[in-house]
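Below you'll find the structure, written out as structure tokens, and then a few comments.
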Protein chains: 2
Amino acid sequence: MAQLQKSIAKRNALIRATIALVNNNGFHATPMSKIAKMANVSPATIYLYFENKQDLVNKTYIEVKANYTEYAFAEYNEHMSVEEGFENIWKRIADFKLKESENAMFLSQCDNSPIIDEPSLQEGIKHLQPLLDLWERGKKEGIIKPISDYLLYAYAINPLSFLMIAQKRGIIKFNSDQIEEAYQAAWSSIRN
Amino acid sequence: MAQLQKSIAKRNALIRATIALVNNNGFHATPMSKIAKMANVSPATIYLYFENKQDLVNKTYIEVKANYTEYAFAEYNEHMSVEEGFENIWKRIADFKLKESENAMFLSQCDNSPIIDEPSLQEGIKHLQPLLDLWERGKKEGIIKPISDYLLYAYAINPLSFLMIAQKRGIIKFNSDQIEEAYQAAWSSIRN
DNA sequence: CAAATAAAAGTGAACGTTCATTCTTTTTTA
DNA sequence: TAAAAAAGAATGAACGTTCACTTTTATTTG
């Protein structure tokens with residue numbers, strides 16, 4: 001008897017094709033037939049791996065978001081000081097957004113439009129906990145301003161998305177000096 | 001001979017319907033038939049006012065963007081000090097994003113996805129000049145950090161979009177204290 | 001100033017195309 | 001060789017746009 005033998009390679013190819021095509025054309029202007037073609041697969045095959053188009057894009061979102069946070073926290077540990085921890089996480093996130101800009105653009109598009117359903121958006125938020133914990137500690141120690149996590153995120157982290165889009169559009173080109181400047185701006189806006 | 005008599009009211013209804021429907025469903029999941037229905041107009045009538053669907057959404061974008069900058073700079077004049085001018089513009093923008101959140105959401109969706117064509121995006125950028133001039137002045141006077149306009153925009157202005165989306169999703173509720181906190185974070189990140 | 005006229009504004013139905021999904025058949029694999 | 005995986009063709013629904021027609025409006029004419 002044959003076992004489930006669906007190839008992880010094929011699934012990955014589908015996810016990558018979805019990211020590339022949605023980035024360039026948007027969700028609804030990305031037909032399943034094109035995703036299939038780019039992944040070297042028949043359209044019908046997609047339905048062996050995903051329930052339907054919405055499920056494909058939801059799962060893609062969750063997977064990319066998980067990669068993002070995993071990358072962000074890869075070097076961080078709770079024994080670091082607040083300053084050290086924040087700088088480390090911030091620079092890892094900057095790294096991700098600039099180096100893996102395809103993935104980051106996809107997230108930014110999903111977060112700013114109604115293509116991902118609410119449960120999947122929620123699912124994506126969960127993984128940010130280490131950063132929230134760090135901020136909590138920073139507030140307790142009086143190092144970080146006693147303001148809401150959303151305000152902190154808005155000023156410390158989110159501007160990176162804007163800069164990433166500007167870089168993608170060729171408006172700016174990042175070097176390490178500019179990353180340092182951006183980091184200083186981020187830190188200024190949240191430190192006490 | 002009859003003159004052009006197309007009603008501005010009907011055009012406005014079409015623009016407003018486009019904004020509302022694209023906000024809720026995204027560009028490609030918003031059929032012309034629904035836009036027509038919401039504007040109380042026949043589908044064919046849209047084509048008397050706009051060339052096609054792309055033209056409709058491009059023109060909507062440009063119009064909303066123009067409203068946004070007009071609102072932002074309504075009270076500003078060049079005789080204000082840099083601090084005064086920045087605070088005024090920042091708070092007008094915050095006002096716009098929070099009060100006219102339908103319009104602001106529409107802009108944020110367009111700026112983060114490939115639904116608007118490049119010429120229309122360019123067209124929308126033009127109107128920001130007064131802010132760039134203010135920053136130039138602030139840098140000359142040593143009040144504002146000598147960093148690029150995009151970095152300044154990313155940290156001072158763009159976080160408001162993130163906060164607006166959070167407010168729309170019911171995650172936070174803004175009061176005047178929180179707006180003041182956000183303003184302080186913005187100013188901290190760009191002042192010298 | 002009506003009535004007549006001409007042109008634009010507006011419409012609902014229809015067309016051709018595209019798309020997500022399913023169905024049927026073929027290929028692969030254990 | 002049997003069952004899962006994959007494929008390609010088929011299907012039905014939905015969409016943007018156009019077409020043929022009606023209504024409205026403003027100008028001209030008697």
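Please read all numbers here as calculations on a predicted model, not as lab measurements. Below, chains carry the letters A, B, ... as their sequence lines are ordered, and counting in each starts from 1.
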Check the distance between [N]'s [atom2] and [X]'s [atom1] and give it to me in whole angstrom.
X	N	atom1	atom2	answer
B/Met32	C/dG16	CE	P	20 Å
A/Asn40	D/dA5	CG	P	20 Å
B/Leu14	D/dG16	CG	C1'	15 Å
B/Phe27	D/dC15	CZ	C1'	12 Å
A/Ile35	C/dA20	CD1	C1'	11 Å
B/Lys34	D/dG16	NZ	C1'	15 Å
A/His28	C/dT21	NE2	P	11 Å
A/Arg11	D/dA5	CZ	P	15 Å

Identify which nucleotide among [options] has an atom closest to any side-chain atom of [X], counting heavy atoms from C-beta outward.
X	options	result
A/Pro31	C/dC19, D/dC15, C/dG12	C/dC19
B/Ala44	D/dT17, D/dA7, C/dT11	C/dT11
B/Leu48	C/dT21, D/dT17, C/dA9	C/dA9
A/Lys53	D/dG8, C/dT11, C/dT21	C/dT21

B/Thr45-B/Lys10 side chain donor-acceptor pair, cut-off 3.5 Å: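 No, no side-chain donor-acceptor pair sits under 3.5 Å.
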query: If we ignore angles and hydrogens, is there a donor and acceptor under 3.5 Å between the side chains of A/Asp133 and A/Gln129?
result: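 Per modelled atom types, A/Asp133 and A/Gln129 side chains form a pair under 3.5 Å.
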task: Nearest-nucleotide wise, let me know which of B/Ser42 and A/Tyr47 is further upstream toward the 5' end of DNA chain C.
output: B/Ser42
message: Working to the nearest 0.5 angstrom, can you tell me the gap between B/Asp117 CG and B/Tyr61 OH?
response: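 These two atoms lie 10.5 Å from each other.
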Do any side-chain nitrogens or oxygens of [X] fall under 4.0 Å of OP1 or OP2 in [N]?
X	N	answer
B/Tyr49	C/dG10	yes
B/Thr45	C/dT11	yes
B/Lys10	C/dA9	no

- prompt: When the ring centroid of B/Tyr153 is compared with that of A/Phe162, is the distance short of 6.0 Å?
  reply: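 Between B/Tyr153 and A/Phe162, the centre distance is under 6.0 Å.
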message: Minimum heavy-atom separation for A/Trp90 and A/Ile157, please, with both atom names.
response: CD1-CD1, 4.1 Å
